[in-house]
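Comments concern the structure below.
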Amino acid sequence: MSTVDETQPPRERRTLYVVVTVVVVALVVLGLIFFRSGEQTRDAEAKADQLIAALDAAGARTPSQDQVMRVLADDGGAVCANPNEALSRAAYLAQLANGAGGPGARPVIADSRVVRGQVLIMGIYCPDELAEFQEFTDGLTTEDLTAP
């Protein structure tokens, strides 16, 4: 049996070990990040399917699963970002106005389907905020203005 003499200096070996260790650690970190994003995608898909089914049962037009996932993700997006704070409610009420800008803006009697859609989204994505928001929307004057 023959033995090969080591010709590489210890400094080069250490450098190689450090580089390999850094690459392995980086791959592990990336693997963990992508694993969690895959889990979030599964949650987003399940919630999107649930919302689409609820909208269909309510007689509304249903967006694609991809559209719902891009807008609401797995946490409800802007819909669930502090929905019961004054600024969020003011923005919501501004969306229920006549669409004019400046002094021409007026509150209107909103379509009840818009409010029901918001409530459906919150029921699926942020149910802990729903009771307080439902109490707020119960005080709004709405009508069935459009045919389904």
Side-chain angles (χ1 to χ4, degrees), residues 8 10-148:
Q8 191 177 31
R11 182 174 181 199
E12 285 182 23
R13 285 195 308 266
R14 252 185 266 121
T15 304
L16 178 67
Y17 296 151
V18 168
V19 169
V20 168
T21 302
V22 167
V23 169
V24 168
V25 168
L27 289 174
V28 168
V29 168
L30 285 173
L32 289 173
I33 290 170
F34 285 123
F35 177 75
R36 289 192 179 124
S37 72
E39 185 178 314
Q40 290 173 339
T41 301
R42 286 190 297 277
D43 290 344
E45 287 174 354
K47 287 182 178 182
D49 289 338
Q50 189 178 357
L51 177 61
I52 291 168
L55 289 171
D56 190 43
R61 288 185 297 163
T62 57
S64 70
Q65 182 189 53
D66 186 52
Q67 289 172 323
V68 174
M69 286 174 49
R70 278 185 290 165
V71 172
L72 300 173
D74 67 336
D75 63 353
V79 175
C80 292
N82 304 318
N84 294 312
E85 289 188 0
L87 183 59
S88 298
R89 287 188 179 179
Y92 180 71
L93 291 174
Q95 293 172 0
L96 300 178
N98 66 354
R106 303 284 187 270
V108 296
I109 296 175
D111 191 347
S112 60
R113 292 184 340 161
V114 173
V115 175
R116 282 196 307 263
Q118 180 88 3
V119 169
L120 283 174
I121 292 169
M122 291 182 69
I124 293 168
Y125 287 91
C126 47
D128 53 321
E129 303 277 355
L130 180 60
E132 188 176 347
F133 188 80
Q134 184 73 51
E135 187 178 313
F136 164 69
T137 58
D138 288 344
L140 297 176
T141 303
T142 61
E143 290 290 329
D144 290 328
L145 301 174
T146 57

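Scanning all heavy atoms of the two residues, the minimum distance from Ala110 to Leu96 falls at CB-CD2, 3.8 Å.
Looking at Val79 and Val71, their side chains never come closer than 4.5 Å, going by heavy atoms from C-beta outward. Within the 4.5 Å cutoff, no side-chain heavy atoms of Val24 are placed close to those of Leu27. In this structure the side chain of Leu55 reaches within 4.5 angstrom of the side chain of Pro63, judged on heavy atoms. Under the 4.5 Å side-chain criterion, counting only non-hydrogen atoms from C-beta, Thr41 is in contact with Met69.
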Could you give me the CA-CA distance, side-chain angles and deciding distance for Val19 and Val22, then say whether side chain to side chain contact (heavy atoms under 4.5 Å, CB included) is met?
-> CA-CA 5 Å; Val19 169; Val22 167; 5.9 Å; no
Chi angles and distances behind the side chain to side chain contact (heavy atoms under 4.5 Å, CB included) call for Leu72, Ile124 = CA-CA 11 Å; Leu72 300 173; Ile124 293 168; over 6 Å; no
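Within the structure, every pair that satisfies the salt bridge (charged side-chain N to carboxylate O under 4.0 Å, His left out) test and touches residues 77-91, not counting sequence neighbours, is listed here: Arg89-Glu132. Residues in residues 67-107 take part in these disulfide bond (SG atoms under 2.5 Å apart) pairs, two or more places apart or across chains: Cys80-Cys126. Legend: salt bridge (charged side-chain N to carboxylate O under 4.0 Å, His left out) pairs involving residues 53-70, not counting sequence neighbours, sorted by first then second residue: Asp66-Arg70. Applying the ring-ring contact (aromatic ring centres under 6.0 Å, His included) test to every pair with at least one member in residues 52-73, sequence neighbours left out, gives no pairs at all.
Glu129 is linked by a side-chain hydrogen bond (donor to acceptor under 3.5 Å, both in side chains) to Asn84, counting only residues two or more places apart in sequence or in another chain. Considering only residues two or more places apart in sequence or on other chains, Pro127 meets the side-chain contact (heavy atoms from CB on, under 4.5 Å) condition with none of them. By the side-chain hydrogen bond (donor to acceptor under 3.5 Å, both in side chains) test, Gln134 is found to be paired with Asp138, residues two or more places apart in sequence or in another chain being considered. For Tyr92, the ring-ring contact (aromatic ring centres under 6.0 Å, His included) partners two or more places apart in sequence, or in a different chain, are Phe133. Evaluation of the side-chain contact (heavy atoms from CB on, under 4.5 Å) rule for Pro103 yields no partner, not counting sequence neighbours. In this structure, Thr15 has no side-chain hydrogen bond (donor to acceptor under 3.5 Å, both in side chains) partners at least two apart in sequence or on a different chain. Residues meeting the side-chain hydrogen bond (donor to acceptor under 3.5 Å, both in side chains) test with Gln65, sequence neighbours left out: Asp49. Partners of Leu16 by side-chain contact (heavy atoms from CB on, under 4.5 Å), not counting sequence neighbours, listed by chain and number: Val20.
Of the possible donor and acceptor atoms, one in the side chain of Arg13 sits under 3.5 Å from a partner among the backbone N and O of Gln8.
The structure places CG of Leu130 at 9.5 Å from CG of Leu120, a figure rounded to the nearest 0.5 Å. The CG atom of Asp75 sits 7.5 Å away from atom NZ of Lys47, with the distance rounded to the nearest 0.5 Å. Separating the CG atom in Asp128 from the CE atom in Met122 is a distance of 8.5 Å, to the nearest 0.5 Å. Here CG of Leu93 is found 6.0 Å from CG of Leu140. Values are rounded to the nearest 0.5 Å.
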